[in-house]
Amino acid sequence: MPRIADIETGLYRIPLPVTLSDSTHGDMSAFELITCRIRDADGAEGVGYTYTVGRNGGAIADILKREIPPLVGGREAEDTEAIWHHAWWGLHYGGRGGPTVLALSALDIALWDLKARRANLPLYRLLGGFDARVPCYAGGIDLDLSIEALLKQTDGNLAKGFRAIKMKVGRPDLKSDVARVAAMRQHLGDGFALMADANMKWTVEEAIRAARALVPYDLTWLEEPVIPDDVAGHARIMQAGGVPIAAGENLRSLWEFKNYIVAGAVSYPEPDVTNCGGVSAFMKIARLAEAFNLPVTSHGAHDITVHLLAACPNRSYLEAHGFGLDKYIEHPLVLEDGKALAPDRPGHGIGFDWTGLAKLAA
């Protein structure tokens with residue numbers, strides 16, 4: 001089998017068309033894209049990436065440039081599981097989360113892309129294949145929009161073909177959140193899949209109060225009501241709030257998801273392939289959820305994640321994230337009847353515009 005010959009890292013700052021905000025992260029005018037390109041001894045290439053909401057990209061890129069190559073260089077590129085564990089334990093003492101696991105995620109994505117390209121298979125088929133048509137929702141970053149602007153954004157997403165939508169909650173007063181959710185429900189009609197994301201804003205008691213207030217509006221789920229470190233708090237909200245809970249975009253390993261699932265703290269596990277440990281970890285999390293009869297959803301990186309959920313019988317919804325790369329990739333995500341289509345191109349099928357990205361190098 002060909003061995004890893006070269007790893008190339010890129011760091012780019014991608015400006016957003018408008019400044020976005022949520023209840024926790026503040027204003028976001030740009031996001032950071034960190035890429036990992038792996039080439040094997042035969043010259044074949046795989047590409048992975050991760051991202052941030054504007055900070056720590058330099059740390060991630062530095063780990064990919066300085067720490068990862070000595071750990072994986074010269075190893076057989078097909079051995080994704082062996083490489084993952086070698087890198088995980090090699091970097092473990094200095095960081096079993098944070099920038100380290102984001103770097104590992106980008107590396108693992110690149111290795112799986114390379115493996116699928118060498119097999120001349122789309123990634124979802126290499127992972128087992130279930131259904132290339134994945135239900136998909138539009139993830140809005142819209143906390144500070146007026147109700148009028150929120151509904152206008154929603155109409156734009158409906159025109160794009162979305163048949164499920166997520167909105168932000170977590171404004172200073174619960175009454176305002178409830179009014180916005182009520183307006184969205186009235187606008188979309190009964191039965192339309194509507195999710196709400198609090199971005200860790202509340203205490204447990206505040207979250208229970210909010211969840212109960214939102215029960216009449218038939219949310220598919222309420223996302224990240226409290227900080228990710230509070231597993232017991234999530235379980236209390238599950239028991240007392242009356243609304244399904246999604247969580248996981250800020251969990252960084254299979255074992256953290258295990259703690260949530262066995263505690264009865266989550267209805268919809270929500271890994272992000274770019275920060276949970278890559279394809280290898282995402283698929284294990286999805287299989288763990290399946291064993292507990294839980295549907296799995298996703299966060300971010302929809303161009304990659306559509307392949308992963310297309311290989312999961314327990315998939316629910318793919319998130320089409322607000323940090324889209326459409327301007328810098330050859331083939332943006334395709335929607336048809338509210339479902340995202342996993343492409344049949346070899347690998348994950350993302351072709352970056354490296355020339356365009358070079359102008360945004362950080």
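The structure presented is a predicted model; accordingly, all values stated were derived computationally and were not measured.
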Does Asp326 have more than 12 heavy atoms from other residues, nucleotides or ligands lying within 6.0 Å of its CG? yes
Can we say Lys201 and Asp22 salt-bridge, meaning some charged N sits less than 4.0 Å from an Asp/Glu carboxylate O? no
Can you list the steps and then say if Asp230 with Arg236 is a salt bridge (Lys or Arg N to Asp or Glu O under 4.0 Å)? CA-CA 10 Å; Asp230 192 356; Arg236 284 179 56 201; over 6 Å; no
For Arg171 and Ser176, which heavy atoms make the closest approach, and how far apart are they? NE-OG, 2.7 Å
Would you say CZ of Arg39 has more than 12 non-hydrogen atoms from neighbouring residues, nucleotides or ligands within 6.0 angstrom? yes
Run the side chain to side chain contact (heavy atoms under 4.5 Å, CB included) test on Phe31 and Val53 for me, step by step, so that the C-alpha distance in whole Å, both residues' side-chain angles and the decisive distance to 0.1 Å come before the verdict. CA-CA 5 Å; Phe31 69 98; Val53 298; 5.7 Å; no
Tell me whether Arg315 is salt-bridged to Asp131, with the criterion being a basic N under 4.0 Å from an acidic carboxylate O. yes
Might you work through the side chain to side chain contact (heavy atoms under 4.5 Å, CB included) test for Leu360 and Tyr328, ending with a clear yes or no? CA-CA 11 Å; Leu360 303 173; Tyr328 304 100; 3.3 Å; yes
Ser280 versus Asp108, side-chain donor and acceptor atoms under 3.5 Å: yes
Taken to the nearest 0.5 Å, the spacing of Asp197 CG from Leu222 CG works out to 8.0 Å
Leu104 side, atom CG; Trp84 side, atom CH2 - distance, nearest 0.5 Å: 6.0 Å
Can we call the ring centroids of Tyr260 and Trp255 under 6.0 Å apart? no
Sequence neighbours excluded and cut-off under 3.5 Å, please list the side-chain donor-acceptor pairs for residues 333-350, or say none.
residue : atom : partner : partner atom : Å
Glu336  : OE2  : Arg133  : NH1          : 2.7
Asp344  : OD1  : Tyr124  : OH           : 3.0
Arg345  : NE   : Gly349  : O            : 3.0
Arg345  : NH2  : Gly349  : O            : 3.1
His348  : ND1  : Ile350  : N            : 3.1
His348  : NE2  : Val47   : O            : 2.6
His348  : NE2  : Asp113  : OD2          : 3.4

Residues, nucleotides or ligands: over 12 heavy atoms within 6.0 Å of Asp173 CG: yes
is_close_aromatic(His92, Trp89), centroid dist under 6.0 Å: yes
Got a sec: does the CD of Gln186 have more than 12 other heavy atoms crowding it under 6.0 Å? no
Distance-only, no hydrogens or angles: does the Asn314 side chain make a donor-acceptor pair with backbone N or O of Ala286 under 3.5 Å? yes
Same cluster or not: Val178 versus Leu188, using hydrophobic residues (I, L, V, M, F, W, Y) connected whenever any side-chain heavy atoms lie under 4.5 Å apart? yes
Please assess Lys327 against Asp353 for the test salt bridge (Lys or Arg N to Asp or Glu O under 4.0 Å), listing each intermediate value before the final yes or no. CA-CA 8 Å; Lys327 287 178 62 177; Asp353 174 10; over 6 Å; no
Keeping the roles fixed (side chain from His302, backbone from His321), state whether a donor-acceptor pair exists under 3.5 Å. yes
Counting N and O atoms only, with roles assigned by atom type, does the side chain of Thr19 sit under 3.5 Å from a partner on the main chain of Asp27, one being a donor and the other an acceptor? no
Is there a chain of hydrophobic side chains (I, L, V, M, F, W, Y, each step under 4.5 Å between heavy atoms) that links Val296 to Phe257? no
Is a side-chain donor-acceptor pair under 3.5 Å present for Tyr51 with Asp272? yes
Expected output: side-chain Arg185 to main-chain Asp218 donor-acceptor under 3.5 Å: yes
Would you call Glu81 and Lys284 a salt bridge, taking side-chain N to carboxylate O under 4.0 Å as the test? yes
Are Met238 and Val231 grouped together when hydrophobic residues (ILVMFWY) are joined by side-chain heavy atoms under 4.5 angstrom apart? no
Would you call the rings of Tyr137 and Tyr317 parallel, tilted or perpendicular if under 30° counts as parallel and over 60° as perpendicular? perpendicular
Which donor-acceptor pairs under 3.5 Å do the side chains of residues 142-152 make with protein atoms, sequence neighbours left out?
residue : atom : partner : partner atom : Å
Asp142  : OD1  : Lys168  : N            : 2.9
Asp142  : OD2  : Gln153  : NE2          : 2.9
Asp144  : OD2  : Ser21   : OG           : 2.5
Ser146  : OG   : Ala149  : N            : 3.1

Report the C-alpha distance between Ile83 and Leu111 in whole Å, list the side-chain angles of each, state the deciding distance to 0.1 Å, and finish with yes or no for side chain to side chain contact (heavy atoms under 4.5 Å, CB included). CA-CA 9 Å; Ile83 291 171; Leu111 288 169; 3.6 Å; yes
Among side-chain atoms of Asp155 and His187, is any donor-acceptor pair under 3.5 angstrom? yes
What closest approach, in Å, do Ala61 and Leu11 show between heavy atoms, and which atom pair accounts for it? CB-CB, 4.2 Å
Would you find more than 12 non-hydrogen atoms of other residues, nucleotides or ligands less than 6.0 Å from Arg96 atom CZ? no
If you round to the nearest 0.5 Å, how far is CG of Asn120 from CZ of Arg125? 12.0 Å
Set of side chain to side chain donor-acceptor pair (under 3.5 Å) partners for His86, sequence neighbours left out: none
If you measure from CZ on Phe282 to CD1 on Ile304, what distance do you get to the nearest 0.5 Å? 10.5 Å
